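Note that the coordinates shown come from a computational prediction; the quantities given were computed from them, not determined experimentally.
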Amino acid sequence: MSLHGICSLELRQVIEQAFLPSHCVVSCLDDGSLTIQLEQDAHGRALTVAGIRADELSSSRALAELVAHVQSERQHSGQPVEAVPKIHP
């Protein structure tokens, strides 16, 4: 992972906690990408975002932008998304 001093397990935990109280599962793949799976919310919207490049999550700002983007996608579409736009730290 690119965040200095943070391992993939800690990164997963940070992202999963950012979506509380929703149930979120983050998977770290061998190619260095992440997949975020959000279960259905009160409005029945679930979302899976795949292909997130972990090496682009180099700062807390990048993490915050990722969480905001995924939350926005969930509110507006609730449909599976293959990858999020490039995040600039």
Just how far is it from atom [atom1] of [X] to atom [atom2] of [Y], taken to the nearest 0.5 Å?
{"X": "I36", "Y": "T48", "atom1": "CD1", "atom2": "OG1", "result": "10.0 Å"}
{"X": "C28", "Y": "L9", "atom1": "SG", "atom2": "CG", "result": "8.0 Å"}
{"X": "Q71", "Y": "L66", "atom1": "CD", "atom2": "CG", "result": "9.5 Å"}

Given side chains that start at C-beta, do those of [X] and [Y] come closer than 4.5 Å, heavy atoms only?
{"X": "Q37", "Y": "C24", "result": "no"}
{"X": "V49", "Y": "L38", "result": "no"}
{"X": "L29", "Y": "L34", "result": "no"}
{"X": "L47", "Y": "V70", "result": "yes"}

Looking at residues at least two apart in the chain, or sitting in another chain, which of them share a side-chain hydrogen bond (donor to acceptor under 3.5 Å, both in side chains) with D30?
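If we apply the side-chain hydrogen bond (donor to acceptor under 3.5 Å, both in side chains) test to D30, skipping adjacent residues, there are no hits.
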List the residues meeting side-chain hydrogen bond (donor to acceptor under 3.5 Å, both in side chains) with S33, not counting sequence neighbours, and say none if there are none.
D31
Name all pairs fulfilling the side-chain hydrogen bond (donor to acceptor under 3.5 Å, both in side chains) condition that reach into residues 16-29, sequence neighbours left out, sorted by first residue then second.
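Counting only pairs at least two positions apart or across chains, the side-chain hydrogen bond (donor to acceptor under 3.5 Å, both in side chains) contacts touching residues 16-29 are S22-R74.
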Identify the two heavy atoms, one from A18 and one from V67, that lie closest to each other, and give their separation to 0.1 Å.
CB-CG2, 3.7 Å
Is the side chain of R45 donor-acceptor paired with the backbone N or O of Q75 at a distance under 3.5 Å, no angle test?
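Present.
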